[in-house]
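Okay, so here's the structure we're looking at.
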Amino acid sequence: MDSKKVKELKQALIKELQEVSTESNLEEFRLQHLTRQGTIAEIFAGLKELDADQKRIMGPELNALKKEINALFEAQKETIFQQKLKVAQDKEKYFDVTISKPVGHGSLHPYTRVTEEIQSIFMSMGFQVADGPELVTEFFNFTALNIPDDHPAREESDTFWIDHNRLLRTQTSTVQIQTMKHQKPPIAIIAPGRTMRNEATDASHDFMFMQFEGLYVGKNVSVANLLATLKSFLSTFFGKKVNLRVRPGYFPFVEPGLEIDATCPFCTKGCSVCKQTKWIELMGAGLVHPNVLKHCDLDPEEYSGFAFGFGLTRLVMLKYQISDIRLLHSGTIEFLKQF
Ligand code: PHE
């Protein structure tokens, strides 16, 4: 060992260190040169073989080498750390749209899913989807629907009145009127939408819920047409053949008025959904009342029609076995994540 060799080694180490650019390269360098078995320790071991005079010269030289390389190593370590930090900070500052990393995906609300499903079934039968405002005048929600002035549904307890004439619709049947006022028969529409009633909320009631209205107006329309349409819709929707049961029901805007039940799509012997009865109550329906046709400037002698309306909220709760209506309207991520 001599001064020349030490100098050569120093230059080689400095060169190698300057080329180090990552943390793992840095660690490789440390293991190879700076540990007890490393290059520097090895050259120190060589001191033993020198005589006293040489030791006096080479000792300080080796110490200087060790000090310098250690200092350069620390400096390089700091540089690499700073570079890494800057990359991390820049990443936060700038959003790189090209980076693909898994993010939480949204999903369709159960209302949207069921609405789309129902719409596509009715559209395949030639129905069109209609829409109407949620804020309506008394005429559309009551008068045109043949609901007399003294009907209890007009009372404050059920209806959110905005002023003496305007209110939040309590039923989607308003869309029947809006459609018939603007369109001449044949009319075949369905109208999903929100309805509002001034009610206390609990697990099965909310002041806002969704309904689904259907209206068909043409010539010689009968209850048989209504039942065939509903049977075909329900069988497709539930994915199995359902039978219908018809009971008389009173709705001022239809005559005759019907309550329609279907065989429980979830069981054959009785279950918790049908409360062991094997039937589920589904909707109100009937033939459009002549007075309603007249209010829409249609001649009841010429035209007839059927209408039905069911609780979309109820159907969604049935389909997904949702026990509390308020969950549906809560926007809670934990709840929505399941769909
Ligand atoms: N609008 C009625 C309700 O809210 C349902 C209905 C619609 C009944 C159409 C008959 C015909 O209960």
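In listed order, ligands and their atoms are each counted from 1.
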Counting from 1, what ligand 1 atoms have a heavy atom of [X] closer than 4.0 Å?
X: Arg197; value: 4 (O)
X: Gly284; value: 6 (C), 8 (C), 10 (C), 11 (C)
X: Ala285; value: 8 (C), 10 (C), 11 (C)
X: Ser173; value: 1 (N), 7 (C)

Item checked: Salt bridge flag under 4.0 Å for residues Lys4 and Glu8 ->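 So Lys4 pairs with Glu8 through a salt bridge.
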Check: Salt bridge or not for Asp2 and Lys5, using N-O below 4.0 Å?
Finding: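 Salt bridge absent between Asp2 and Lys5.
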Notebook entry, point to check: Using heavy atoms and a threshold below 4.0 Å, how should the contact between Phe310 and ligand 1 be classified: side chain, backbone, both, or neither?
Noted result: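 Neither part.
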Notebook entry, point to check: Which word best sums up how the rings of Tyr250 and His151 line up, parallel for under 30°, tilted for 30 to 60°, or perpendicular for over 60°?
Noted result: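 Parallel.
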Checklist line | Plane angle bin for Phe308 and Phe122 - parallel if under 30°, tilted between 30 and 60°, otherwise perpendicular | finding: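 Phe122 vs Phe308 ring planes: parallel.
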Note the single closest protein heavy atom to [atom], along with its residue, its atom name and the distance in Å.
atom: atom 3 (C) of ligand 1; value: Gln211 NE2, 3.7 Å
atom: atom 12 (O) of ligand 1; value: Phe251 CE2, 3.8 Å
atom: atom 1 (N) of ligand 1; value: Gln171 OE1, 2.8 Å
atom: atom 7 (C) of ligand 1; value: Gly309 N, 3.3 Å

Margin query: Can you confirm, on distance only, whether ligand 1 has an N/O atom lying under 3.5 Å from any N/O atom belonging to Thr170?
Written below: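 For ligand 1, there is no N or O atom that lies under 3.5 Å from one belonging to Thr170.
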Item checked: N or O contact, Gln176 vs ligand 1, cut-off under 3.5 Å ->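 No, there is no polar N/O contact under 3.5 Å.
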Checklist line | Pairing residues for Phe73 by the ring-ring contact (aromatic ring centres under 6.0 Å, His included) criterion, not counting sequence neighbours | finding: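 With neighbours one apart ignored, the set is empty.
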Next item on the list: Test Leu145 against His295 for side chain to side chain contact (heavy atoms under 4.5 Å, CB included), laying out the working first.
Entry: CA-CA 8 Å; Leu145 285 166; His295 274 299; over 6 Å; no
Check: Are any side-chain N or O atoms of Asp163 and backbone N or O atoms of Arg166, one a donor and one an acceptor, separated by less than 3.5 Å?
Finding: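 A pair under 3.5 Å: yes.
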Next item on the list: Measure the distances from the heavy atoms of Met283 to every atom of ligand 1 and state whether one is below 4.0 angstrom.
Entry: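 No; Met283 lies far enough from ligand 1 that no heavy-atom distance drops under 4.0 Å.
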Next item on the list: Treat each ILVMFWY residue as a node, draw an edge where side-chain heavy atoms are under 4.5 Å apart, and state whether Phe233 and Met210 are in one component.
Entry: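 Linked, Phe233 and Met210 end up in one cluster.
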